[in-house]
Amino acid sequence: MFGPPLLRRPAPSSGRRRAGVLAAVAGLLVSLLALTPPAPAAAAPSLLSQGRPVTVSSQEGAGTPAGAAVDGDNGTRWSSAFSDPQWIKVDLGTTAAVSRIALRWEAAYAKSYRIEFSTDDSTWSTAYSTTAGPGGDETLNVSGQARYVRLTGTARATQYGYSLWEFQVFGTTGDDGGPQLPGGGDLGPNVLVFDPSTPGIQAKVDEIFEKQESAQFGTGRYALLFKPGTYDDINAQIGFYTSIAGLGLKPDDTTFNGDVTVDAGWFNGNATQNFWRSAENLALNPVSGTDRWAVSQAAPFRRMHVRGGLNLAPNGYGWASGGYIADSRIDGQVGPYSQQQWYTRDSSVGSWGNGVWNMTFSGVEGAPAQSFPAPPYTTLDTTPVSREKPFLYLDGNDYKVFVPAKRTNARGVSWDGTPQGESIPLSRFYVVKPGASAATINAAVRQGLHLLFTPGIYHVDRPIDIDRADTVVLGLGLATIIPDNGVTAIRVGDVDGVKLAGLLVDAGPQNSEVLVQVGPPGASASHAANPTSVQDVFVRVGGAGAGKATTGMVINSDDTIVDHTWLWRADHGEGVGWETNRADYGLQVNGDNVLATGLFVEHFNKYDVRWSGENGRTIFFQNEKAYDAPNQAAVQNGAVKGFAAYKVDDTVDRHEGWGLGSYCYFNVDPTIRQDHGFEAPVKAGVRFHDLLVVSLGGQGQYNHVINDTGAPTSGTSTVPSNVVAYP
């Protein structure tokens with residue numbers, strides 16, 4: 001930065017001469033300043049550390065974790081073991097010009113400590129040190145370049161450890177210079193919020209349904225949110241791209257004396273295309289005693305309490321193609337009737353009525369006993385690892401997002417008693433509205449904000465990058481992201497605890513190599529204690545228009561939980577054809593210890609699922625092979641006829657799956673044969689339970705179920721071929 005030249009003042013010999021010289025100097029200064037361009041304004045320092053990955057030398061207990069020191073909450077803290085020395089280190093994600101450190105000590109503070117900087121996490125320099133730390137709130141003016149900032153305590157002021165409410169690092173990066181983005185704000189015009197006194201609730205809900213009932217590939221997106229209370233005489237019919245949810249902390253906080261209904265009148269009683277809608281966090285007293293939720297893929301029923309029965313079939317018991325229930329209590333009977341397959345997780349049911357091909361349960365109180373294939377029940381007593389989806393709720397008049405805690409070996413609902421998890425105020429979210437650019441969204445994440453996507457359609461010209469640990473990315477009303485110019489829509493870093501939820505990613509006309517990527521290639525960090533979760537994140541290639549992608553979703557990060565996803569290469573709608581909406585692979589898993597619960601993947605040109613990571617597990621898989629294969633040659637995989645729906649690589653030593661089904665309907669060339677639906681190495685550590693393949697009406701056939709095991713499908717009878725255990 002350049003300024004005027006330094007002028008040396010001559011020593012005065014008299015008062016008059018001094019005054020004259022000063023006048024001349026002043027005149028020269030004015031003229032020089034007039035000719036000198038103003039220096040560019042420096043970017044204001046921003047908070048860089050909030051929500052960033054943090055590591056520590058020790059932790060006193062589970063209630064005082066490292067991340068609590070950078071979460072922006074003055075009511076949570078990190079505390080160390082009771083010994084010297086101890087340290088806490090934050091990764092800013094990129095090298096920054098650090099200018100200020102703010103420390104908010106609890107009573108157990110450091111008398112002697114130093115602040116250290118590093119750009120590579122290897123070579124460190126001391127930016128500040130003291131042997132007389134006062135505790136309390138300290139503001140340290142520092143200067144230096146750092147990606148990693150470490151506080152090392154060398155002498156405690158008390159007999160206890162070191163304890164920080166907040167460890168805040170301020171500075172600027174190459175991306176700084178714009179204004180700070182605000183957190184919170186209104187939820188936009190397509191979020192409709194009701195309370196029991198709102199006039200005309202039924203009329204408004206009916207108005208939205210009329211718009212959305214048959215708008216399968218339309219542009220409308222809506223979230224209907226109900227404040228805690230009791231609502232009488234409600235029948236909320238839910239159409240495409242519509243979410244309905246209560247705003248209480250528990251489902252019973254918001255009660256309908258009425259129904260939340262999905263039926264299939266718009267499609268002549270056929271529910272196989274009732275996609276892209278949701279119901280969450282409500283209690284229902286159904287008018288008839290039984291609520292109707294006749295859906296197929298991408299229509300989650302979460303955190304619901306039905307004080308009666310639940311009918312999963314359309315009126316008239318027409319076709320229905322499978323769905324998902326989680327964290328819900330149905331006091332009466334669940335009747336799937338015509339549903340071909342269904343997955344229910346961590347819930348409670350009064351009873352279960354019947355099964356067609358594949359009914360799978362994990363952690364469900366009241367689930368039927370294991371009996372596949374007659375009846376076709378696959379039942380696991382618990383779910384190995386689960387974490388419920390984040391949700392918006394009201395705490396008094398304040399909006400917050402509740403992030404439920406991870407559970408291991410879960411059984412039953414998570415909301416009995418005091419819900420376990422974290423409440424994050426809306427002020428810590430960037431409320432994303434249509435028109436927001438990817439650059440702005442990324443700036444919000446770098447700033448330390450979480451993301452709440454309001455209902456709408458978002459075009460992005462670069463990836464949305466989530467590389468800060470514990471970031472919540474929550475969509476309302478099936479918020480839809482479309483990548484332009486062949487970019488990846490969403491990329492998650494190799495960091496702990498990211499939560500992606502409630503989004504539809506729609507491929508653009510220019511081919512994207514990957515639409516959703518969790519972890520960079522080669523990711524290797526362990527996230528077992530705090531995994532990333534992907535919940536109700538759906539991928540679509542074609543249908544709403546031309547779209548292409550090589551792979552729908554890639555999971556590179558270890559320990560990821562994929563909890564209910566539908567990855568769909570469209571078989572109907574606009575922009576549909578074998579090459580028109582080309583997408584070779586649905587899901588590619590490279591990370592180790594990945595768990596999929598409720599995995600729906602359909603119609604990809606080659607492998608629908610390919611699993612390359614170790615110790616993967618899938619509980620429930622539903623698949624249809626691509627209908628539109630033009631001939632046998634188009635799906636020939638070397639010497640193998642057809643690409644398996646679910647392939648485990650030969651290099652994998654440990655893998656396990658429960659309740660997996662694949663169907664074929666080669667209506668362009670019914671003579672096509674698939675050698676098998678499933679392909680896996682024959683090893684003791686690779687095990688499958690309760691698999692099936694079925695030919696729909698004889699349009700194509702399977703030769704086997706898995707590898708060379710299992711009887712072929714035959715004829716037009718649409719009867720599954722089953723394998724109970726493999727090997």
Side-chain angles (χ1 to χ4, degrees), residues 51 187 191 221 223 225 241-247 276-281 297-304 324-328 345-346 385-393 399-407 414-415 419 421-424 426 428-432 441 445 449-456 458 464 466 468-481 489-492 495-505 515-518 527 530-540 553 555 557 560-567 595-600:
L187 301 176
V191 175
R221 303 287 188 274
L225 305 181
Y241 312 110
T242 305
S243 298
I244 187 169
L247 286 170
W276 302 309
R277 63 200 74 197
S278 67
E280 300 183 49
N281 206 31
Q297 292 81 5
F301 196 80
R302 286 184 180 271
R303 205 176 178 84
M304 297 287 286
Y324 172 94
I325 293 171
D327 202 25
S328 294
R345 178 183 62 73
D346 298 354
V385 183
S386 59
R387 180 171 56 207
E388 300 305 330
K389 177 185 171 187
F391 61 92
L392 188 69
Y393 79 104
Y399 283 107
K400 295 182 178 180
V401 171
F402 190 77
V403 183
K406 185 189 78 169
R407 298 201 289 169
S414 71
W415 39 271
E422 177 189 13
S423 286
I424 306 174
L426 191 63
R428 289 173 53 196
F429 282 78
Y430 177 59
V431 179
V432 192
I441 295 167
V445 175
L449 295 172
H450 304 276
L451 300 176
L452 181 72
F453 282 83
T454 63
Y458 300 83
I464 296 172
I466 312 298
R468 191 184 76 244
D470 296 311
T471 302
V472 177
V473 182
L474 177 61
L476 302 179
L478 280 294
T480 302
I481 300 171
I490 301 172
R491 293 189 307 203
V492 178
V495 297
D496 276 357
V498 171
K499 292 91 180 172
L500 294 183
L503 297 167
L504 171 61
V505 175
L515 291 172
V516 178
Q517 177 180 291
V518 179
H527 307 293
N530 186 13
T532 284
S533 53
V534 180
Q535 300 178 287
D536 301 347
V537 174
F538 310 124
V539 165
R540 180 171 67 191
M553 182 181 292
I555 307 295
S557 286
T560 301
I561 300 170
V562 181
D563 177 44
H564 189 225
T565 188
W566 186 39
L567 313 179
L595 171 66
T597 52
L599 182 58
F600 299 74

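When side chains are defined from C-beta on, Val473 does not count as touching Ile464, because their heavy atoms never get closer than 4.5 Å. Residues Val472 and Pro390 have side chains in contact (heavy-atom distance under 4.5 Å, counting atoms from C-beta outward). Counting only heavy atoms from C-beta outward, the side chains of Lys406 and Val385 approach each other to under 4.5 Å. Between Val191 and Pro455 there is a side-chain heavy-atom pair separated by less than 4.5 Å. Side-chain contact between Asp470 and Glu422 is absent, with no heavy-atom pair separated by less than 4.5 Å. Side-chain contact between Leu187 and Leu452 is present, with heavy atoms from C-beta onward closer than 4.5 Å. Side-chain atoms of Phe453 and Ile441, non-hydrogen and from C-beta on, do get closer than 4.5 Å to each other. By the 4.5 Å heavy-atom criterion applied to side chains, His450 and Ile424 are counted as neighbours.
For Arg345, the side chain to side chain donor-acceptor pair (under 3.5 Å) criterion is met by Tyr324, Glu388, Asp563, not counting sequence neighbours. With sequence neighbours left out, the side chain to side chain contact (heavy atoms under 4.5 Å, CB included) criterion links Val445 to Leu451, Ile466, Arg468.
Side chain of Ser328 to backbone of Arg303: a donor-acceptor contact under 3.5 angstrom is found.
Atom CG in Leu225 sits 12.5 Å away from atom CZ in Phe391 (nearest 0.5 Å). With values rounded to the nearest 0.5 angstrom, Leu503 atom CG is found 9.5 Å from Leu476 atom CG. Between the CZ atom of Arg387 and the OG1 atom of Thr532 there is a distance of 7.0 Å, given to the nearest 0.5 Å. The structure places CG of Leu426 at 10.5 Å from CG of Leu449, a figure rounded to the nearest 0.5 Å. In this structure, the separation between CG on Asn281 and CG on Asp327 is 9.0 Å, given to the nearest 0.5 Å. In this structure, CG on Leu504 lies 9.5 Å from CH2 on Trp566, to the nearest 0.5 angstrom.
Closest of all the heavy-atom pairs between Met304 and Trp415 is O-CZ2, 4.1 Å. In terms of heavy atoms, Ser386 sits closest to Asp346 at OG-OD2, 2.8 Å. Here the closest heavy-atom approach between residue Lys499 and residue Asn530 is recorded as NZ-OD1, 4.4 Å. Of all the heavy atoms in Gly502 and Val537, the pair that sits closest is N-CG2, 4.4 Å. In plain terms, the two heavy atoms of Ala501 and Lys389 that are nearest each other are CB-CG, 3.8 Å. Minimum heavy-atom separation, Ala596 to Leu599: CB-CD2, 4.1 Å.
Between the side chains of Ser243 and Ser278, at least one donor-acceptor pair of N or O atoms lies under 3.5 Å. Judged purely by distance below 3.5 Å, without hydrogens or angles, the side chains of Ser414 and Arg407 never pair a donor atom with an acceptor atom.
Ring planes of Trp276 and Tyr241: parallel class, angle under 30° (limits at 30 and 60°).
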